[in-house]
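The figures here come from the full heavy-atom set of this structure, side chains too, leaving out hydrogens, waters and symmetry mates.
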Amino acid sequence: MAKRIDLTKEARLATKSSKFGKVNSSSSVKSSSTFKRYLKKLAWFVFYAWIASLVMILLLKFLPIYFTPTMASRKIDAIMEGKPSKIYSNWTSYSEIDKNCALAVIASEDQLFPEHKGFDFEAMWGAMRHNMKGKRIKGASTISQQVAKNVFLWQGRSYLRKGLEAYFTFMIELIWGKQRILEVYLNVAETGKMTFGVEAACRKYYGHSSLEVSRAEAARIAAVLPNPIRFSIQNPSNYVQRRTNTIQRQMRMLGGKKFLSQID
């Protein structure tokens, strides 16, 4: 006759505890495994995204850039507002743009462009101190940073965008070089309403190509760059005229077109 086994209270509790321990342990292992899978997927996503960005940067070192996210944003805004949405842009190689245009934008936007590696840390620190005082927000973006933002990224302010801007700035400095960065800037910088690049601005507002531009005309294009929607090349305000004169003086102080031999 089989012996009857009588589980005491303690034994039953011990059995339950053992079962719950196994369940909790199994749940913990599953959680850890799921987290590792997500982490692995994220790592692969970042890797593929980096490869894609690298391929894009390499291609755009040689290919003309006819359209940018900034142009797309302006076009969409115009359509939504029921305004004319035609984009004025004419890609022109660096050799076919008068050097006054290149000198003017450097004198106006980034005089240390030939020297820095994409970032002007002294200017950035100065802008940060200025902004901390609660004054009108002041930027300190180099030409390289503006190219990175306009070609690869969306408009707006966020830590994510600034982080990506720093990445693309570093990469184009490394892969493109100064002359290509300047060539792209001269073609994609916003120079008026629905107008991008110095060639389009010269044809639209001066009636001739950028190869025929004068020093004063180039300086006036550069004068509106901080806010090409508000300021006009065709109908310059007193502020734009004063700024144009200042940029012309800066162009002379830099040594004229000879200054560009540092990047040619």
Side-chain angles (χ1 to χ4, degrees), residues 50 52-72 89-124 127 139-155 161-191 195-202 210-211 213 218-219 221-222 224-226 228 247 250-251 254-264:
W50 176 72
S53 72
L54 188 59
V55 170
M56 183 165 52
I57 292 167
L58 286 168
L59 287 174
L60 293 183
K61 175 179 171 66
F62 305 102
L63 299 176
I65 301 170
Y66 295 112
F67 205 68
T68 67
T70 305
M71 294 180 192
S89 176
N90 299 86
W91 177 270
T92 308
S93 65
Y94 182 74
S95 61
E96 295 177 339
I97 299 173
D98 189 274
K99 296 301 183 287
N100 274 318
C101 292
L103 183 61
V105 298
I106 290 175
S108 169
E109 299 289 293
D110 186 4
Q111 294 189 12
L112 294 179
F113 177 70
E115 301 173 24
H116 64 61
K117 301 299 182 183
F119 306 93
D120 185 347
F121 293 105
E122 185 175 342
M124 290 167 68
S141 293
T142 62
I143 286 174
S144 303
Q145 286 175 282
Q146 292 181 57
V147 168
K149 177 183 69 176
N150 289 335
V151 173
F152 299 102
L153 302 170
W154 63 94
Q155 297 295 317
R161 196 193 65 76
K162 291 301 288 185
L164 290 172
E165 179 186 303
Y167 164 73
F168 281 109
T169 299
F170 173 78
M171 294 300 287
I172 63 175
E173 280 278 341
L174 183 67
I175 295 173
W176 287 8
K178 294 293 185 180
Q179 189 176 116
R180 175 59 175 177
I181 291 171
L182 187 56
E183 178 182 52
V184 172
Y185 183 77
L186 291 170
N187 277 281
V188 305
E190 194 169 14
T191 49
T195 307
F196 296 84
V198 297
E199 179 69 20
C202 286
S210 58
L211 194 57
V213 74
I221 292 174
V224 307
L225 290 178
I247 291 171
Q250 292 293 326
M251 292 166 72
L254 287 174
K257 294 180 182 180
K258 292 184 294 183
F259 179 79
L260 298 172
S261 63
Q262 299 178 62
I263 62 173
D264 289 342

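Within the 3.5 Å criterion, the main-chain N or O of I57 finds a donor-acceptor partner in the side chain of W176. A donor-acceptor pair under 3.5 Å links the side-chain atoms of K61 to the main chain of I175, judged by distance alone. Although no hydrogens or angles enter the test, the distance criterion places a donor-acceptor pair under 3.5 Å between the side chain of D110 and the main chain of I143. A donor-acceptor contact shorter than 3.5 Å is absent between the side chain of T195 and the backbone of A201. Between the side chain of T191 and the backbone N or O of G197 there is at least one donor-acceptor pair closer than 3.5 Å.
Distance check: Q146 CD to T169 OG1 gives 10.0 Å after rounding to the nearest 0.5 Å. Here K99 contributes atom NZ and L211 contributes atom CG; the two are 8.5 Å apart, rounded to the nearest 0.5 Å. Of the inter-residue distances, the one linking R180 atom CZ with F62 atom CZ reads 8.5 Å to the nearest 0.5 angstrom. A distance of 9.5 Å separates CG in D120 from CD in E115, rounded to the nearest 0.5 Å. Here the straight-line distance linking atom CD of E165 with atom OG of S144 works out to 10.5 Å at 0.5 Å rounding. Here the CD atom belonging to Q250 is positioned 10.0 Å from the CG atom belonging to L103, to the nearest 0.5 angstrom.
Counting only heavy atoms from C-beta outward, the side chains of F196 and T70 approach each other to under 4.5 Å. Looking at E183 and Q179, their side chains never come closer than 4.5 Å, going by heavy atoms from C-beta outward. Proximity of L260 to I106: side-chain heavy atoms (C-beta onward) are separated by under 4.5 Å at one or more points. Between V213 and V198 there is no side-chain heavy-atom pair separated by less than 4.5 Å. Residues F152 and L164 fail the side-chain proximity criterion, which asks for heavy atoms closer than 4.5 Å. For the pair F113/F259, no side-chain contact is recorded, criterion being any heavy-atom separation below 4.5 Å from C-beta on. A 4.5 Å side-chain heavy-atom check between W91 and V184 finds at least one atom pair inside the cut-off.
Scanning all heavy atoms of the two residues, the minimum distance from K178 to G118 falls at NZ-N, 4.3 Å. Considering all non-hydrogen atoms of both residues, L225 and E190 come closest at CD2-O, 3.6 Å. Smallest separation of non-hydrogen atoms from A104 and A218: CB-O, 3.5 Å. The two atoms that bring I172 and V147 nearest to each other are CD1-CG1, 4.0 Å, heavy atoms only. A pairwise comparison of heavy atoms in S89 and Y66 identifies OG-O, 4.3 Å as the closest pair. Here the shortest heavy-atom pairing between A219 and M251 reads CB-SD, 4.3 Å.
Relative to the six-membered ring of F168, K149 misses at least one condition, a distance below 6.0 Å or an angle of at most 45° to the axis.
In summary, the side chains of S210 and E199 do present a donor paired with an acceptor at a separation below 3.5 Å, with no hydrogens or angles considered.
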Verify side chain to side chain contact (heavy atoms under 4.5 Å, CB included) between I181 and I263, making sure each step is shown before the conclusion. CA-CA 10 Å; I181 291 171; I263 62 173; over 6 Å; no
Could you walk me through whether L186 and T92 satisfy the side chain to side chain contact (heavy atoms under 4.5 Å, CB included) test, starting with their C-alpha distance in whole Å, then the side-chain angles of each, then the deciding distance to 0.1 Å, before giving a yes or no? CA-CA 9 Å; L186 291 170; T92 308; over 6 Å; no
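In this structure, F170 places its CZ atom where only 12 or fewer heavy-atom neighbours from other residues, nucleotides or ligands lie under 6.0 Å away.
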